[in-house]
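Accompanying notes for the structure given below.
If you're wondering where the values come from, they're calculated on a predicted model, not measured in any experiment.
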Amino acid sequence: TAIAFHKFVWLTRTERAVPMGILAINPYTMTVTPDIAAAWLTFNFDRQRPINELSVRQLAEAMRRNTFTTNTIKFAVFNDKRVLINGQHTLTAIMRSGKTLVLPVQDMAVSSEDDIGNLYYHEDIQRRRSFADSIRAVAGEDKFNLTRTQIKQVGAALKWIRAGFGVSRSEYAMTFQ
């Protein structure tokens, strides 16, 4: 077809730590036109969540204003099957904005159909950063002289404290009556 994918230059498990059943990762950048975005959307994961129209409008507007922050488009590849696991909102916004963008792309070779679902599950949850992620981002391990385990333990303790040590306010108030 006229829309080709970048030549695979795989990073194997021995060259880079990769999660789950990912056998290799092929990272590259590509100029993505509205036509390419439309073609890539045909590879959408069949259990993909529905498009959030507000999100697409916001992304498309940011693209029109040239303030869009790039997002990595990610595909799972199993045998001859290519599945879009991250990027449907970005690609839809490219189509609607009419803009052409240079984006980072990753093709991840997986070992089974189940791995496609597992990869999607981990990629597309819009998960907030954990306490440990935030501390790691600011080199907190070195600054506070803590191990990763200790940072995770502090994060868990802070959640417990914030939740009132597992006791509701009404239960707590009743103990003093």
Practice problem: Before accepting this row, confirm whether a basic side-chain N of the pair Arg96/Glu53 lies closer than 4.0 Å to the acidic partner's carboxylate O. | Solution: yes

Self-check item: Arg82 with Asp107: basic N within carboxylate O range, under 4.0 Å
Solution: yes

Quiz item: Linking I/L/V/M/F/W/Y whenever their side-chain heavy atoms sit closer than 4.5 Å, directly or via other members, would Leu158 and Ile151 fall into one cluster?
Solution: yes

Exercise. In sequence, state the C-alpha distance, the side-chain angles, and the governing distance for Phe45 and Leu84, and then conclude on side-chain contact (heavy atoms from CB on, under 4.5 Å).
Key: CA-CA 6 Å; Phe45 184 52; Leu84 177 67; 6.0 Å; no

Quiz item: Looking only at atom types and distance, does a side-chain atom of Glu61 sit under 3.5 Å from a main-chain N or O of Gln58, one as donor and one as acceptor?
Solution: no

Exercise. Would you check if the side chain of Asn52 reaches a backbone N or O of Leu54 as a donor-acceptor pair within less than 3.5 Å?
Key: yes

Distance, nearest 0.5 Å, that separates [atom1] of [X] from [atom2] of [Y]:
X      : Y      : atom1 : atom2 : answer
Trp40  : Ile73  : CH2   : CD1   : 7.0 Å
Met63  : Thr70  : CE    : OG1   : 10.0 Å
Leu146 : Lys152 : CG    : NZ    : 13.5 Å
Leu101 : Thr33  : CG    : OG1   : 10.0 Å

Practice problem: Give me the one residue out of Asn86, Val83, Ile25 that meets side chain to side chain contact (heavy atoms under 4.5 Å, CB included) with Lys74. | Solution: Asn86

Please give me the minimum heavy-atom distance between [X] and [Y], naming the atom from each residue.
X     : Y      : value
Ala60 : Ser97  : O-CB, 3.8 Å
Val32 : Ala37  : CG1-N, 3.9 Å
Asn44 : Gln88  : ND2-OE1, 2.9 Å
Thr90 : Leu59  : N-CD1, 4.0 Å
Ile94 : Lys99  : CG2-O, 3.2 Å
Phe78 : Val110 : CD1-O, 3.4 Å

Quiz item: Any side-chain heavy-atom pair from Leu103 and Thr29 closer than 4.5 angstrom?
Solution: no

Self-check item: Chi angles and distances behind the side-chain contact (heavy atoms from CB on, under 4.5 Å) call for Ile85, Phe75
Solution: CA-CA 5 Å; Ile85 58 165; Phe75 293 94; 5.9 Å; no

Exercise. May I have the step-by-step check of side-chain contact (heavy atoms from CB on, under 4.5 Å) for Leu41 and Met95, ending in yes or no?
Key: CA-CA 10 Å; Leu41 283 167; Met95 289 173 42; 3.4 Å; yes

Exercise. Evaluate the criterion side-chain contact (heavy atoms from CB on, under 4.5 Å) for residue pair Val105 and Thr72; output intermediate values, then yes/no.
Key: CA-CA 5 Å; Val105 181; Thr72 302; 5.8 Å; no

